[in-house]
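The analysis underlying the following values was restricted to heavy atoms, covering all of them including side chains, and did not include hydrogens, waters or symmetry mates.
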Amino acid sequence: MAQSTQPRFVSLLTKATLALVLAGGRGSRLMQLTQWRAKPAVPFGGKFRIIDFPLSNCINSGIRRVGVITQYKAHSLIRHLQRGWSFLHGEFGEEIELMPASQRIEESWYRGTADAVYQNLDIIRSHRPDYVLVLAGDHIYKMDYGKMLVDHVSSRADVTIGTVEVSVAEATGLGTMTVDGSGRVTSFAEKSPAPAPLAGAPGRTLASMGIYVFGADFLYEALARTLSPDTTHDFGRDLIPALVQSDKVVAHRFAESAVGTRPGQPPYWRDVGTVDAYWEANMDLVSVLPDLNLYDSSWPIWTYQEQVPPAKFVLDQDGRRGMATDSLVAGGTIVSGSTIRRSLLFTTVHTRSYSEIEDSVILPNVTIGRHCRLRRAIVDKLCDIPEGTIVGEDAEADARRFYRTERGITVITPEMLGQQVHHAG
């Protein structure tokens, strides 16, 4: 695939910025996939974790000071960051710093996204940033944050919000806004049942990406001014709507800073907060020309590189041929006499003879027995799928044994199979 030729906006602005990745949410809409792990730690794309995308955007944008704010089920997330993100050099002012809910300012856990930042203000001040970039830790996209910082400074904004155009139907779970001709935000509503449409595009609306740029001094003052006891202490519900009324809040269009967008295609941004959305985003990657380009060496996605052997395909007999088509297969995987179609197999998966896997996402360290047929399934880590298991052909049978969405995606976990495993996420 073609490499990106877009210039990066690495500058004194990016070097003077501290990024804060909000990675403490429960992720309950991902159902059993977040039973043992935080949502940003959920595996994605064959070898990555969801949090690798905003972190890689930071590194590629020239932002080398990053705080990751954690809370719920953070063990596997912390372990992943320690293994895969320890290459920065603190002596050069580069680091990824963990910020758990340690009750430094108040004797309470984080009550919302804004409170998570507020309770770490002493740590944030110790970095002495000029700008603070607040990021959600659970979205899939490639973005040059430097361009957003340039827009923030040139427009003399108090707050700049990263925005993306989405359909009105899919925006009901997001923050949406209206803007004037100069890009200034005139209204903001979190998860409105009736998002305001864009002018001239009645079926589209402008949604928040959960990305905010603040001048550091303004952020300190704004948090103290707006987080009263009767609020939910959240950026989207409380802080941003209040600032829209009293300060200059500007919208930055994602299309201006997206990386690797193919000509004629909208920029790629996915909220993978539901089982269906998570399955779809992984399935995007197995298409011939996926909208998300993972092969662009000029904007790499960094992650923990597990030391495993190459993927292996064995046996070549009629009905027992190890093969995969229109699929991604990670290292350490052995496809033994089974057929894989339009699927994504993570690290160290073993599929045995006479089995068929179609339109499925198989997470790491899974074994699939003989004579299995899996269709439109998500198989969680450490599952040992028994011989003869059939999923995706009988909706009622699937729903009795596993979790099945209304759109027919079936989630399988070790617990659903009656298997006891030691989870590390």
(request) May I ask you to decide if R37's main-chain N or O and S76's side chain share a donor-acceptor pair within less than 3.5 Å? (result) no

(message) Between R376 and D359, does any NZ, NE, NH1 or NH2 come within less than 4.0 Å of an OD or OE carboxylate oxygen?
(response) no

(message) Using ring pair (Phe, Tyr, Trp, His ring centres under 6.0 Å), reason through F48 and W302 one step at a time and then give a plain yes or no.
(response) CA-CA 8 Å; F48 308 103; W302 302 87; over 10 Å; no

(request) Please lay out, stage by stage, how W36 and E415 fare under the test side chain to side chain contact (heavy atoms under 4.5 Å, CB included). (result) CA-CA 11 Å; W36 299 102; E415 290 78 11; 3.1 Å; yes

(request) Any chance you could measure T17, atom OG1, to H127, atom NE2, to the nearest 0.5 Å? (result) 13.0 Å

(message) Any carboxylate oxygen within less than 4.0 angstrom of a Lys/Arg side-chain nitrogen, looking at R341 and D326?
(response) no

(message) Closer than 3.5 angstrom, by distance alone: can the side chain of T34 be matched with the main-chain N or O of A38 as a donor-acceptor pair?
(response) no

(request) Inspect the contact between R404 and E396 and indicate whether a charged nitrogen and a carboxylate oxygen are less than 4.0 angstrom apart. (result) no

Give every donor-acceptor pair under 3.5 Å between a side-chain atom in residues 160-169 and any protein atom, sequence neighbours left out.
unit_1: T160; atom_1: OG1; unit_2: H152; atom_2: ND1; d: 2.7
unit_1: T163; atom_1: OG1; unit_2: H252; atom_2: O; d: 2.9
unit_1: E165; atom_1: OE2; unit_2: R253; atom_2: NH1; d: 3.2
unit_1: S167; atom_1: OG; unit_2: E170; atom_2: N; d: 3.3
unit_1: S167; atom_1: OG; unit_2: E170; atom_2: OE2; d: 3.1

(message) Less than 3.5 Å apart, any donor N or O on the side chain of S353 or R320 sitting next to an acceptor on the other?
(response) yes

(message) Tell me whether the NZ or CZ atom of R370 lies within the 45° cone about the ring axis of Y354 and under 6.0 Å from its centre.
(response) no

(message) Nearest 0.5 Å, please: how far is CZ in F346 from NZ in K381?
(response) 10.0 Å

(message) Less than 3.5 Å apart, any donor N or O on the side chain of S355 or S338 sitting next to an acceptor on the other?
(response) no

(message) Salt bridge or not between R373 and E393? Use side-chain N to carboxylate O under 4.0 Å.
(response) yes

(message) I'd like to know if the side chain of Q419 reaches the main chain of D384, judged simply by a donor and an acceptor atom lying under 3.5 Å from each other, with no hydrogens or angles considered.
(response) yes

(message) So which atom in V213 and which in M148 form the shortest heavy-atom distance, rounded to 0.1 Å?
(response) CG2-CE, 3.8 Å

(message) If the condition is side chain to side chain donor-acceptor pair (under 3.5 Å), which residues does D52 pass it with, not counting sequence neighbours?
(response) H80, W85, T303

(message) Distance alone, cut at 3.5 Å: any donor-acceptor contact between the side chains of W299 and N57?
(response) yes

(message) Between Q35 and K73, do the side chains contain a donor N or O and an acceptor N or O under 3.5 Å apart?
(response) no

(message) Distance check, rounded to the nearest 0.5 Å: L20 atom CG versus I123 atom CD1?
(response) 10.0 Å

(message) Would you compute the distance between atom CG of D122 and atom CD of Q119 and round it to the nearest 0.5 angstrom?
(response) 10.0 Å

(request) Flag this pair as yes if the NZ/CZ of R237 is under 6.0 angstrom from the six-membered ring centre of F235 and inside a 45 degree cone about the axis; otherwise no. (result) no

(request) Find the distance between OG1 (T367) and CD1 (I334) and round it off to the nearest 0.5 Å. (result) 9.5 Å

(request) For T205 and T176, test the side chains for any donor-to-acceptor distance below 3.5 angstrom and give the result as yes or no. (result) no

(message) Could you report the tightest heavy-atom contact between I378 and L33, atom names first, then the distance?
(response) CG2-CD2, 4.1 Å

(message) So does I63 get a backbone contact from the side chain of S61, meaning a donor-acceptor N/O pair under 3.5 Å?
(response) no

(request) Measure the acute angle between the ring planes of F214 and F218, then classify it against the limits of 30° and 60° as parallel, tilted or perpendicular. (result) parallel

(request) Identify whether NZ of Lys or CZ of Arg in R49 sits under 6.0 Å from the centre of the six-membered ring of F44 and within 45° of that ring's axis. (result) no

(message) Under a 3.5 Å threshold, yes or no: a donor from one side chain and an acceptor from the other, between S343 and S327?
(response) no

(request) State whether R65 and E95 are salt-bridged, where the test is any N-O pair (Lys NZ or Arg NE/NH1/NH2 against Asp/Glu carboxylate O) under 4.0 Å. (result) no

(request) Find the distance between OG1 (T333) and CG (L345) and round it off to the nearest 0.5 Å. (result) 5.5 Å

(message) Under a 3.5 Å cutoff, is there a donor and acceptor pairing between the side chains of D276 and T274?
(response) no

